[in-house]
Novice: 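The structure that follows is given in the form of structure tokens.
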Amino acid sequence: MSEIIFLGTAGGRMVVASQIRKSGGMWLELNGKNILLDPGPGCLLRCAELGLRPSRLDCIVLSHRHIDHSNDVNIMAEAMSGGGFKPKGILIAPMDCLEGDDPVVLKYVRTYIKNNVFVLKDGFKHGLDGVTIECALRLMHSNVECYGIKFHFEGRTLGYVADTKYFEGIGEAMKGCEGLILNMVRVTHDERFQHLIPQDVESILKVARPRLAILSHFGMQVVKAGPKDMASRVEKLTGVRTIAAEDGMRLKLDRREEKATTLGEFIGK
Ligand SMILES: [Zn+2]
């Protein structure tokens with residue numbers, strides 16, 4: 001069985017700080033492998049609330065070092081490895097999460113996973129026995145290293161466009177995805193922050209043309225405007241089926257799912 005579990009859908013400092021929406025990233029179960037993507041604040045708590053056992057994790061991936069994507073990386077790595085007593089799992093993260101003056105991944109925690117740490121960068125590809133994790137492209141997000149990622153499994157591809165300002169190459173790099181998760185943090189551009197707005201998402205979808213687009217990581221502007229309404233507007237303008245993620249939403253990706261939910265149907269055909 002394969003599915004995406006949205007532990008949280010908060011993006012932007014105010015929504016994360018107020019927890020109007022939960023934060024914590026996404027738990028991907030793909031072809032039997034459990035992958036934690038961008039474990040922001042509250043990830044461990046959300047896993048407990050949703051009955052997800054961190055010891056089942058095989059891999060943790062960070063798209064970039066910002067706190068709303070990485071806050072719980074250390075505790076989740078510790079939990080993945082049974083408190084360090086049962087070393088297992090790997091961590092994939094950009095170099096600036098690991099080295100330099102201010103690494104977000106603690107060095108002593110890395111020993112709990114036997115230092116199985118891989119640097120996410122252009123050209124990166126790593127096989128996890130049934131899932132291949134591929135760096136799709138480097139994004140443009142303030143002064144940190146941030147990447148778009150593709151997960152290939154069971155002959156399908158799930159894509160993730162993390163925080164970024166819009167530029168032309170994103171749609172092209174994200175072609176071939178059946179599902180595409182996009183962090184749409186804002187409604188209007190603000191020079192101080194490099195984030196996608198609905199028009200940017202539309203430009204990406206017109207080129208990438210996934211079977212389903214899933215919007216998440218909502219800042220205050222999007223929360224106020226209504227993520228669902230924004231998703232339907234994007235769908236109308238692009239012809240790409242688009243939904244807004246909800247906290248705790250489970251999106252089944254199983255082809256064999258007979259009673260496919262409306263959310264899961266896209267992979268069921
Ligand atoms: Zn960010």
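For ligands, and for the atoms within them, numbers begin at 1 and follow the listed sequence. As the structure is a prediction and not an experimental result, all values here were calculated from the model.
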Novice: Closer than 4.0 angstrom, basic N to acidic O: yes or no for Glu134 and Lys150?
Specialist: no
Novice: Is there a path of hydrophobic side-chain contacts, each under 4.5 Å between heavy atoms of I, L, V, M, F, W or Y residues, that connects Ile20 with Leu215?
Specialist: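 Yes, it is one cluster - the side chains of Ile20 and Leu215 are joined through contacts under 4.5 Å.
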Novice: With 2.8 Å as the threshold, which protein atoms of type N, O or S lie near the Zn ion (ligand 1)? Leave waters out.
Specialist: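 The answer, once waters are left aside, is His64 NE2, His66 ND1, His141 NE2, Asp163 OD2.
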Novice: Determine, stepwise, if the pair Lys121 / Arg138 fulfils side-chain contact (heavy atoms from CB on, under 4.5 Å).
Specialist: CA-CA 7 Å; Lys121 56 183 178 185; Arg138 180 161 181 171; over 6 Å; no
Novice: So His141 and His64, would you call those rings parallel, tilted or perpendicular, with 30° and 60° as cut-offs?
Specialist: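 Correct class here is perpendicular.
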Novice: So with a 6.0 Å cut-off around NZ of Lys165, is the heavy-atom count from everything else above 12?
Specialist: no
Novice: Using side-chain heavy atoms (C-beta onward) and a distance below 4.5 Å, is Asn116 in contact with Arg110?
Specialist: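 The answer is no; the side chains never approach within 4.5 Å.
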